[in-house]
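The structure under discussion appears below in the form of structure tokens.
We count residues from 1, following the sequence as given. Any value given below was found using the heavy atoms of this structure, including those in side chains, with hydrogens, waters and symmetry copies removed.
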Amino acid sequence: MSEHSANPSSTTATGRTRAVKAVIPAAGLATRFLPATKAVPKELLPVIDRPVLQYIVEEAAQAGIGDVLLITGRGKTSMVDHFDRRPDLEARLEAKGDAERLAAVKRPSELAEIYTCRQPEQLGLGHAVGYAESHVGDQPFAVLLGDEFVKPSEPLLPAMLELQARTGGVVLAFFEVDPAETKRYGIASVAPAEAELTDIGEVVRVTGMVEKPQPEDAPSNLAVLGRYVLPGRIFDAIRRTEPGSGGEIQLTDAMELLRSEGVPVHAIVYRGTRYDTGMPLGYLQTVVQIAVEREDLGGEFRAWLTEFVNNGDETVTAAILNGVRDTAGGSGT
């Protein structure tokens, strides 16, 4: 039985529908990881013994989402295979009595119902999300970018789903960056949220977004995290959005169009641990951080890392490891 079989009702006390579907755009070429990603999708790069994509689907399942659409591209069918059953492998593990690995192999197929749609050309995030319309319809849905996820014990998505169900608008997630780093991110201008929304968490009302501003021009130090909960009317906005930055159809532009037409846009400021695997440095930091925190690996790995980094200088190594935690938690890797 799938984990999502016990999902809560999709209708809230406000009478609005709560999002129960997620879209993961995963058609990109991942040029930063070439040549590894020539044949292996970046989303399947392993973080210890699970691919990045599984962590993201697990995040959705934990929030009660049991329907996941992968927007894929050429050469990425292995992403779908990962969430399929492998009866031959399962039978071999069962015959060996390896119950732990058997459960691990079965787990991906039990997380959610996985559907796919191919994006023939990569023409921007808005363009990719637009391909989900026939699957999502006019209902709200979540968008989870395929190269970042949050710590399971510090969830983000449930609060975003609740906020969107109350407002019916666009819901984003922000994290704080060092002011000197604003030129690497989409940065938001914000105002205080309505009082009735503050019980959900650290909620702000979004008044605008600027793509990669210089520090002196940045309206804040709140950067966009790769999580969105969107109303179904986003698809019409995408159709009316002209190519923008890089000649691509940007989701940010479509959301800004809705905001200009009166659709409420809010965000939750996330202060938990964020893992960013979109670039090699962030990917390596994610692997190290999760490895040192694993019960089955952490002690031995930490001891080896201490010796490797500074020949046994635990003070220096502790500082390095703390730096990894801080960076993965939201300083902009």
Side-chain angles (χ1 to χ4, degrees), residues 1-7 21-30 33-118 135 144 146-153 155 275 277 280 283-305:
M1 180 179 293
S2 299
E3 291 184 3
H4 61 267
S5 60
N7 283 351
K21 295 184 178 182
V23 174
I24 303 178
L29 299 176
F33 286 87
L34 287 172
T37 50
K38 179 181 178 182
V40 178
K42 179 184 69 173
E43 295 81 6
L44 292 187
L45 294 178
V47 177
I48 319 298
D49 50 10
R50 279 181 283 167
V52 172
L53 184 59
Q54 183 173 331
Y55 284 91
I56 295 168
V57 174
E58 287 173 344
E59 183 181 335
Q62 183 186 21
I65 290 177
D67 181 308
V68 175
L69 176 68
L70 302 179
I71 308 296
T72 68
R74 293 182 186 86
K76 293 205 166 189
T77 56
S78 55
M79 291 193 302
V80 183
D81 293 339
H82 178 74
F83 294 95
D84 200 357
R85 294 287 300 273
R86 275 290 303 272
D88 56 333
L89 179 57
E90 293 170 16
R92 178 68 63 89
L93 293 170
E94 188 172 8
K96 292 173 60 178
D98 195 339
E100 183 177 352
R101 286 190 175 86
L102 177 60
V105 167
K106 286 183 175 180
R107 178 168 171 75
S109 65
E110 297 170 345
L111 291 170
E113 299 295 335
I114 303 295
Y115 301 89
T116 64
C117 178
R118 177 166 291 192
H135 185 79
L144 293 77
D147 53 14
E148 57 185 300
F149 56 97
V150 303
K151 195 171 186 176
S153 61
Y275 304 104
T277 64
Y283 170 74
L284 292 172
Q285 290 170 329
T286 297
V287 172
V288 170
Q289 181 176 3
I290 291 179
V292 299
E293 294 178 349
R294 283 263 296 249
E295 290 186 6
D296 58 336
L297 296 173
E300 187 174 354
F301 180 68
R302 186 187 295 268
W304 173 85
L305 191 61

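Listed for the Q62 side chain is a donor-acceptor partner under 3.5 Å among the backbone atoms of P152. Looking at K76, its side chain never comes within 3.5 Å of a backbone N or O of K42 through a donor-acceptor pair.
Classification of D88 and R86 as a salt-bridged pair holds, one side-chain N sitting under 4.0 Å from a carboxylate O.
Nearest heavy atom pair, residue L305 against residue V288, reads CD2-CG1, 3.9 Å. Across all their heavy atoms, F83 and L111 have their closest contact at CE2-CD1, 4.3 Å. Residues G75 and P41 share a closest heavy-atom pair of O-CG, 4.1 Å. Heavy atoms only, all atoms of each residue included: L29 and T37 are closest at O-OG1, 3.9 Å. Between A112 and V68 the shortest heavy-atom distance is CB-CG2, 4.0 Å.
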Please test H135 against D67 for side-chain contact (heavy atoms from CB on, under 4.5 Å), starting from the C-alpha separation and ending with a verdict.
-> CA-CA 10 Å; H135 185 79; D67 181 308; 2.6 Å; yes
Passes side-chain contact (heavy atoms from CB on, under 4.5 Å), E58 versus R50? Steps please.
-> CA-CA 11 Å; E58 287 173 344; R50 279 181 283 167; 2.5 Å; yes
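Partners of K151 according to the side chain to side chain donor-acceptor pair (under 3.5 Å) rule, which considers only residues two or more places apart in sequence or in another chain, do not exist here. Under the rule for a ring-ring contact (aromatic ring centres under 6.0 Å, His included), the partners of Y55 that lie at least two apart in sequence or sit in another chain are F149.
V105 has its side chain within reach of E90: a pair of non-hydrogen atoms, C-beta onward, lies under 4.5 Å apart. With contacts defined as side-chain heavy-atom distances shorter than 4.5 Å, the pair T116/M79 does not qualify. Counting only heavy atoms from C-beta outward, the side chains of C117 and L69 approach each other to under 4.5 Å. Residues T72 and R118 meet the side-chain proximity criterion, which asks for heavy atoms closer than 4.5 Å.
Rounding to the nearest 0.5 Å places CG of D81 at 12.5 Å from CD1 of I114. Atoms CZ and CZ, from R294 and R302 in turn, are 14.0 Å apart once rounded to the nearest 0.5 Å. For the atom pair CG (L44) and CD (Q54), the distance works out to 10.0 Å, reported to the nearest 0.5 Å. Within the model, atoms CG of L53 and CG of L144 stand 10.0 Å from one another, a figure rounded to the nearest 0.5 Å. The OG1 atom of T277 sits 6.5 Å away from atom CZ of F33, with the distance rounded to the nearest 0.5 Å. Between the OH atom of Y275 and the CD atom of E59 there is a distance of 11.0 Å, given to the nearest 0.5 Å.
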